[in-house]
Amino acid sequence: MKIILLGPPGAGKGTQAKLISEKYSIPHISTGDIFRKNISEKTQLGIKAKEYMDKGLLVPDELTIDLVNDRFTNDDCKNGFLLDGFPRTVKQAEALENFLKAKGEGIDTALLIEVPGSYILDRMTGRRVCPSCGASYHIKFNPPKVDGLCDLCGSAVVQRKDDSEETVKERIDVYEKQTQPLVDFYKQKNQLFVVDGTQLIDEVFKIISNHIEIEGNK
Ligand code: ADP
Ligand code: AMP
């Protein structure tokens, strides 16, 4: 399966991606996680990406598209992938389409996790993430089993620098201007599936799983 996760920051993409990737054994490709890894390793890419990420802006398309195309060459993408946070612009979506078309392929579905703006600030300022494996928690809605430690790998969870109130507001603005047009992009191609992301994490996952199984049997 080739799946795209769409939705505003804080919708629950990363949370659902971990569950989907585990259940269906497809690699979870998060461009945000790849950039953060590069930042922590102080690579050239990380140094460039940080300038934009700290301000809540998108990393330029050329850098992002090359990064994803390169990631697709990994063996683990043979049976598909789950994209979380990519594409984020129409240019990225077109690049992905052309990349797959050249191999006679296409995506199976674009899952939009929809949440109203009023949920986003709470979700993001309460988010804690595992710097080692990328798992996402929330101090109120989804706390780790042991306070402050990742359930999956035991590392200490941290708050992301770009989850401050001021940066979150910029990111919501960027989403509305640059990423929201992708909803229509995939709707017009009959590839869009919308799920109400205000429900409990397990409920959202149940609905997504159902849809993936229907798509997988087509
Ligand atoms: P995204 O990857 O879309 O930015 P995350 O998956 O990191 O979003 O989720 C943002 C925050 O909201 C995290 O703290 C996460 O634990 C929490 N969260 C995710 N899904 C839900 C949900 N359905 N209900 C309540 N909180 C949620
Ligand atoms: P995320 O982890 O998906 O919330 O992404 C965190 C930040 O990484 C974003 O605010 C952007 O600065 C950057 N980023 C992640 N994915 C992309 C992308 N596809 N295009 C441009 N910038 C991205």
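Bear in mind the structure is a predicted one, so any value in this text is a computation, not a measurement.
- For the pairing with Thr109, the side chain to side chain donor-acceptor pair (under 3.5 Å) check across His211, Lys218, Gln191, Lys2 returns one residue only, His211.
- Under the ring-ring contact (aromatic ring centres under 6.0 Å, His included) criterion, no residue pair touches residues 25-62, with sequence neighbours excluded.
- A salt bridge is defined here as a Lys NZ or Arg NE, NH1 or NH2 lying under 4.0 Å from an Asp or Glu carboxylate O, and Glu105 with Lys101 fails to meet this definition.
- Residues forming a ring-ring contact (aromatic ring centres under 6.0 Å, His included) with Phe81 (at least two apart in sequence, or on another chain): Phe72.
- By the 4.5 Å heavy-atom criterion applied to side chains, Met124 and Arg171 are counted as neighbours.
- Residues Ile208 and Gln16 have side chains in contact (heavy-atom distance under 4.5 Å, counting atoms from C-beta outward).
- In this structure the side chain of Cys153 reaches within 4.5 angstrom of the side chain of Cys130, judged on heavy atoms.
- A side-chain N or O of Thr89 and one of Asp61 form a donor-acceptor pair less than 3.5 Å apart.
- Within the 4.5 Å cutoff, no side-chain heavy atoms of Val157 are placed close to those of Leu149.
- Between the CD1 atom of Ile20 and the CG atom of Leu82 there is a distance of 5.0 Å, given to the nearest 0.5 Å.
- Atom NZ of Lys169 and atom CD1 of Ile120 lie 12.5 Å apart (nearest 0.5 Å).
- For residues 135-181, the ring-ring contact (aromatic ring centres under 6.0 Å, His included) pairs, not counting sequence neighbours, are His138-Phe141.
- Here the OG1-CD1 distance, from Thr43 to Ile34, works out to 11.5 Å after rounding to the nearest 0.5 Å.
- Residues Lys42 and Ile39 have side chains not in contact (no heavy-atom distance under 4.5 Å, counting atoms from C-beta outward).
- Under the rule for a salt bridge (Lys or Arg N to Asp or Glu O under 4.0 Å), Glu22 has no partner lying at least two apart in sequence or in another chain.
- Residue pairs meeting the salt bridge (Lys or Arg N to Asp or Glu O under 4.0 Å) criterion with at least one member in residues 84-99, sequence neighbours excluded: Glu62-Lys91, Glu97-Lys189.
- Taking 4.0 Å as the cut-off between side-chain N and carboxylate O, Lys145 and Asp151 count as a salt-bridged pair.
- Put simply, the side chain of Leu63 reaches to within 4.5 Å of the side chain of Leu45, judged on heavy atoms.
- Minimum interatomic distance between Leu182 and Leu6 (heavy atoms only, all atoms of both residues): CD1-CD2, 4.1 Å.
- Thr167 and Ser164 get closest at one heavy-atom pair: OG1-OG, 2.9 Å.
- Classification of Glu213 and Lys23 as a salt-bridged pair holds, one side-chain N sitting under 4.0 Å from a carboxylate O.
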Given Val129 and Arg127, is the side-chain contact (heavy atoms from CB on, under 4.5 Å) satisfied, shown in steps? CA-CA 7 Å; Val129 295; Arg127 169 158 65 185; 3.8 Å; yes
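- Rounded to the nearest 0.5 Å, atoms CG (Asp196) and CD1 (Ile207) are 7.0 Å apart.
- Glu51 and Lys55 are not joined by a salt bridge, as no carboxylate oxygen comes within less than 4.0 angstrom of a charged side-chain nitrogen.
- Phe185 places none of its side-chain heavy atoms less than 4.5 Å from the side chain of Pro87.
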Check the pair Ile113, Leu5 against side-chain contact (heavy atoms from CB on, under 4.5 Å), reporting the backbone distance first and the verdict last. CA-CA 7 Å; Ile113 307 180; Leu5 281 174; 4.3 Å; yes
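- For Val115 against Ala11, the heavy-atom pair with the smallest separation is CG2-CA, 3.9 Å.
- With contacts defined as side-chain heavy-atom distances shorter than 4.5 Å, the pair Pro116/Thr198 qualifies.
- Under the side chain to side chain donor-acceptor pair (under 3.5 Å) criterion, Asp76 pairs with Arg71, sequence neighbours left out.
- In summary, Lys177 and Asp173 engage in a salt bridge, as defined by a charged side-chain N under 4.0 Å from a carboxylate O.
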